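The next block holds one structure in the form of structure tokens; read it before the comments.
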Amino acid sequence: MSLADELYRETILDHYHNPRNQGVLEGPSILSVEGVNPLCGDELILYLDVKDGKVEGISIKSRGCSINTASSSMMTEAVKGLPVERVEELIDAFKNMMLKGEQTAVPEEFEDLEALQGVKKYPVRIKCALLPWNTLIEALHSAASGETAKAISTE
Amino acid sequence: MLDVARVRKDFPILDRIVNGRPLVYLDSAATSQKPQCVIDSITDYYSRYNSNIHRGIHSLGEEATAAYEGVREKVCNFIKATSAREVIFTRNTTEAVNLVASTYGRQHILAGDEILLTPLEHHSNLIPWQTLAKERDAKLVYCDVTEDGKVDVESVKRLINSRTRIVAVTLTSNVLGTIVPVAEICTIAHASGAVVFVDGAQAVPHLPVSVQDLQCDFLAFSMHKMLGPTGVGILWGKAEILEEMPPQMYGGNMINSVWRDRVILNQVPWRFEAGTPNIADVIASGVALDYLQALGMNNVRAHEKQLSQYALAQFSKIPGIKLYGPSTVEDRAGVFSFNLSGVHPHDVGQIVNEEGIAIRVGHHCCQPLMRDLDISGTARASFYVYTTEEEIDLLIGALDKARKVLGHVACR
Ligand SMILES: Cc1ncc(COP(=O)(O)O)c(C=O)c1O
């Protein structure tokens with residue numbers, strides 16, 4: 001299989017070229033968390049608005065690579081509007097898919113995310129895909145404890 | 001000029017097939033490949049005269065000591081130093097910087113003093129000074145660089161003052177390829193009593209470097225970037241400065257006499273080499289120096305200049321490429337950082353790797369410079385004695401592919 005079939009699938013390129021939920025969210029209830037991939041220096045800022053146990057708003061500001069950007073875009077699209085517990089399940093499922101090689105870990109309704117399976121063959125790129133997810137975990141922790149700014153790294 | 005076809009025969013790794021293609025190694029700035037003679041010398045040491053040095057009187061020990069100390073002489077000749085006693089073996093450039101920052105630096109930097117750097121510095125020649133400055137409440141000052149990545153010497157003149165104690169400067173930028181006018185900076189620094197620490201990691205492997213011409217006070221470089229093995233760095237310092245410096249580490253080898261409650265330290269340079277050193281790799285480093293000397297550093301430089309001229313011309317033909325650093329080969333080394341519009345460097349690296357081409361992507365341990373340039377990273381191709389114009393052509397072809405796979409097509 002060629003690189004384009006395996007890694008740079010159509011879905012990924014679509015999200016890379018037209019990332020959803022990109023940019024800054026502002027408002028009193030918005031919290032922001034910074035994520036860093038020390039390997040390549042890629043940084044992103046995740047903005048999260050949790051209200052009544054639900055992800056009301058989410059956006060990401062970054063200049064990441066294709067995998068990072070696509071993963072961010074798909075993630076924000078998937079979790080927007082979901083209850084926090086459901087988001088946590090999805091994060092687990094996604095990380096299991098990426099790290100443990102579980103083929104069917106991601107629920108059907110999030111089939112876009114399946115496109116990121118190809119990344120598993122390129123171990124250095126797994127971090128690119130995970131950065132937004134790990135940053136989201138951190139943001140949810142902050143939301144739960146009422147903090148508003150934090151920096152994390154994927155190391 | 002170099003007979004590159006012949007040189008290439010000396011490097012067994014160049015026969016490798018990567019992802020179904022012959023390896024195109026364009027990452028020598030990260031670490032160079034090794035000729036067979038260097039590889040063999042390591043086996044030769046371990047199979048014929050492996051022994052600890054500076055102790056015992058048996059024949060193996062004598063042979064190993066002579067070989068190890070002989071490399072000090074070779075380094076001394078290579079950088080036109082006046083005495084082998086000014087040559088200290090470390091693990092790498094990074095350790096050499098840390099050695100000076102934690103000894104000379106701690107001795108001389110007081111609150112309110114200034115350390116002058118260029119914005120081009122590798123983290124290795126930045127964080128040790130930054131940490132020292134924080135510890136001592138001293139000030140880090142950065143000179144300016146021009147639009148095309150050259151060090152603005154006028155800004156150095158303006159910024160150096162009576163509080164400037166140390167100027168830490170790279171001789172060649174590992175990102176932009178800029179060759180910095182270090183001799184000129186040394187004259188300016190010395191006029192106001194500052195010492196100059198030169199990071200030669202990207203320069204000594206590629207150009208003739210003479211510490212006498214530079215008139216610097218310290219020079220550091222890594223053997224693994226100049227055909228030698230990993231694990232050997234060089235710190236050269238002026239004898240009169242080294243004599244006054246305390247050791248960084250204590251233990252065996254670095255002493256003259258020891259009592260229960262006191263010690264008389266060994267002479268320079270052994271005072272700075274506590275414990276059993278990396279004997280095998282130091283000896284192999286000597287073989288690398290011989291190899292480079294036989295090629296002739298003027299020839300090495302001429303070869304890379306020619307490649308750079310070619311690369312500048314070829315790169316400029318790629319639509320949407322942004323090339324960083326000086327545009328004249330006189331001012332630059334064979335290190336080319338670039339970005340393709342709409343393609344992240346990480347993806348560029350991945351796609352060219354598919355063609356067997358090794359380049360480096362990311363921030364290259366120069367995050368402050370990346371922030372200055374307002375980019376997250378670059379892709380970087382770097383050349384050495386075995387690099388050919390055909391390899392540059394292959395890279396250019398692969399970049400075209402990267403653009404096609406990932407480049408943003410406006411009305412998709
Ligand atoms: C300019 C420069 N300085 C310092 C270093 C650090 O060298 P080492 O990792 O061998 O200590 C490098 C290598 O990446 C470099 O390019």
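These numbers come from a predicted model, not from an experiment. Order of the sequence lines fixes the chain letters, A, B, ..., with proteins taken first and strands second; residue numbering starts at 1 for each chain.
One finds the CD atom of A/E43 at 6.5 Å from the CD atom of B/Q367 (value rounded to the nearest 0.5 Å). Distance check: A/L44 CG to B/S376 OG gives 11.5 Å after rounding to the nearest 0.5 Å.
Residue-level contacts of residues 16-31 of chain B with chain A do not occur; threshold 4.5 Å between heavy atoms. Using a 4.5 Å cut-off between non-hydrogen atoms, the part of residues 344-351 of chain B that approaches chain A consists of B/H344, B/H346, B/D347, B/Q350, B/I351. Listed by sequence position, the residues of residues 318-326 of chain B in contact with chain A number zero, using a 4.5 angstrom heavy-atom cutoff.
Within 6.0 Å of the CZ atom in A/R20, the count of heavy atoms belonging to other residues, nucleotides or ligands exceeds 12. More than 12 non-hydrogen atoms from other residues, nucleotides or ligands lie less than 6.0 angstrom from NZ of A/K120.
Applying the salt bridge (Lys or Arg N to Asp or Glu O under 4.0 Å) criterion to A/E56, with sequence neighbours excluded, gives no partner residue.
Among all heavy-atom pairs drawn from A/Y16 and B/V343, the shortest one is OH-CA, 3.7 Å. Closest approach of A/L13 to B/L406, counting heavy atoms only: CD2-CD2, 2.9 Å.
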- request: Could you check A/R63 against B/D374 for side chain to side chain contact (heavy atoms under 4.5 Å, CB included), going step by step and ending with a plain yes or no?
  value: CA-CA 11 Å; A/R63 275 193 298 204; B/D374 194 24; 3.4 Å; yes
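With a 4.5 angstrom heavy-atom cutoff, B/R360 does not touch chain A via any of its atoms.
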